[in-house]
Amino acid sequence: MTAELQQILYIISAALIIIGLLGVFLPILPGIPLAYAGMVLAAWAGGFKEISVLVLILLGLLTLASVAIDFLASALGAKRAGASKLAVVGAALGSLIGMIFFNLPGLILGPFVGVMAVETAQGRSMREAGKIGFATWIGMAVGVALKVGLAFAMMGIFLFALWF
């Protein structure tokens with residue numbers, strides 16, 4: 001690989017990592033998976049000398065954890081508030097459908113709407129369904145906090161491997 005190509009790959013890698021870190025806060029972007037792709041590209045461009053395959057496996061496991069957190073956080077928040085099993089599925093589907101069709105507003109409102117729809121269809125009052133919907137939002141907030149923690153941990157591991 002030429003030095004020029006390696007520099008280009010490092011620049012692309014840095015851009016992917018930066019955009020990925022922004023995606024931790026902007027749900028429109030695939031956040032941590034995008035940052036991980038940048039880290040893999042940087043490791044490959046460097047011939048896996050500074051960033052080993054073992055480090056990439058660890059970072060990959062943290063990436064998988066972040067993806068799981070994305071889909072499970074609001075559903076678990078709903079469950080802890082006493083939602084039915086079907087409402088937990090409604091929260092997860094609401095997140096997914098909301099994110100796909102309505103981006104940020106859909107990601108924020110989707111789980112709430114999904115839980116409300118299922119719980120009211122099962123005969124709960126709007127007040128009870130709203131309480132469960134709110135717990136879903138709390139779960140999402142906890143999920144974002146966990147993702148931020150994972151992002152910092154991944155960057156710390158990556159930079160430590162790169163410099164030491």
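L54 and W163 are assigned to two separate hydrophobic clusters, defined by single-linkage of ILVMFWY side chains at heavy-atom distances under 4.5 Å. Grouping the Ile, Leu, Val, Met, Phe, Trp and Tyr side chains by contacts below 4.5 angstrom, directly or via other members, places F48 with V40. Tracing side-chain contacts under 4.5 Å through hydrophobic residues (I, L, V, M, F, W, Y), one never reaches W137 starting from V118; they form parts of separate clusters. W44 and M39 fall within a single hydrophobic cluster, where Ile, Leu, Val, Met, Phe, Trp and Tyr are joined by side-chain heavy atoms under 4.5 Å apart, directly or via other members. Taking hydrophobic clusters as Ile, Leu, Val, Met, Phe, Trp and Tyr residues chained together by side-chain heavy-atom distances below 4.5 Å, L159 shares a cluster with I19.
In this structure, Y36 contributes its side chain and M154 its backbone to no donor-acceptor pair below 3.5 Å. For the pair E119 (side chain) and S84 (backbone), a donor-acceptor distance under 3.5 Å is present. Q7 places no side-chain N or O within donor-acceptor distance of the main-chain N or O of E4, the cut-off being under 3.5 Å. A donor-acceptor contact shorter than 3.5 Å links the side chain of T120 to the backbone of M116.
At most 12 non-hydrogen atoms from other residues, nucleotides or ligands lie less than 6.0 angstrom from CZ of F102. In the displayed structure, F134 atom CZ is contacted under 6.0 Å by at most 12 heavy atoms of other residues, nucleotides or ligands.
Counting all heavy atoms, side chain and backbone alike, I32 lies closest to K147 at CD1-O, 3.5 Å. Counting all heavy atoms, side chain and backbone alike, A37 lies closest to L16 at C-CD1, 4.3 Å. The heavy-atom pair separating A35 from L21 by the smallest distance is CB-N, 4.4 Å. The two residues G106 and P111 have their closest heavy-atom pair at O-CD, 4.1 Å. The two atoms that bring L9 and A45 nearest to each other are CB-CB, 3.8 Å, heavy atoms only.
Evaluation of the salt bridge (charged side-chain N to carboxylate O under 4.0 Å, His left out) test over residues 38-51, restricted to residues two or more places apart or in two chains, returns none.
For the atom pair OG1 of T63 and CG of L34, the computed distance is 10.5 Å after rounding to the nearest 0.5 Å. Between the CG atom of L62 and the CD1 atom of I69 there is a distance of 9.5 Å, given to the nearest 0.5 Å. Rounded to the nearest 0.5 Å, atoms CG (L41) and CD1 (I51) are 12.0 Å apart. Expressed to the nearest 0.5 Å, how far CG of L93 lies from CG of L86 amounts to 9.0 Å.
A side chain to side chain contact (heavy atoms under 4.5 Å, CB included) with L146 holds for exactly one of V144, V142, V148; it is V142.
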Next on the checklist: Determine whether R80 and I138 satisfy the following criterion, side-chain contact (heavy atoms from CB on, under 4.5 Å), listing intermediate values before the conclusion.
Outcome noted: CA-CA 10 Å; R80 287 190 52 86; I138 297 297; over 6 Å; no
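Side-chain contact check for S52 versus L56: every heavy-atom pair is 4.5 Å or farther apart. Between F158 and V55, every side-chain heavy-atom pair lies at or beyond the 4.5 Å cut-off.
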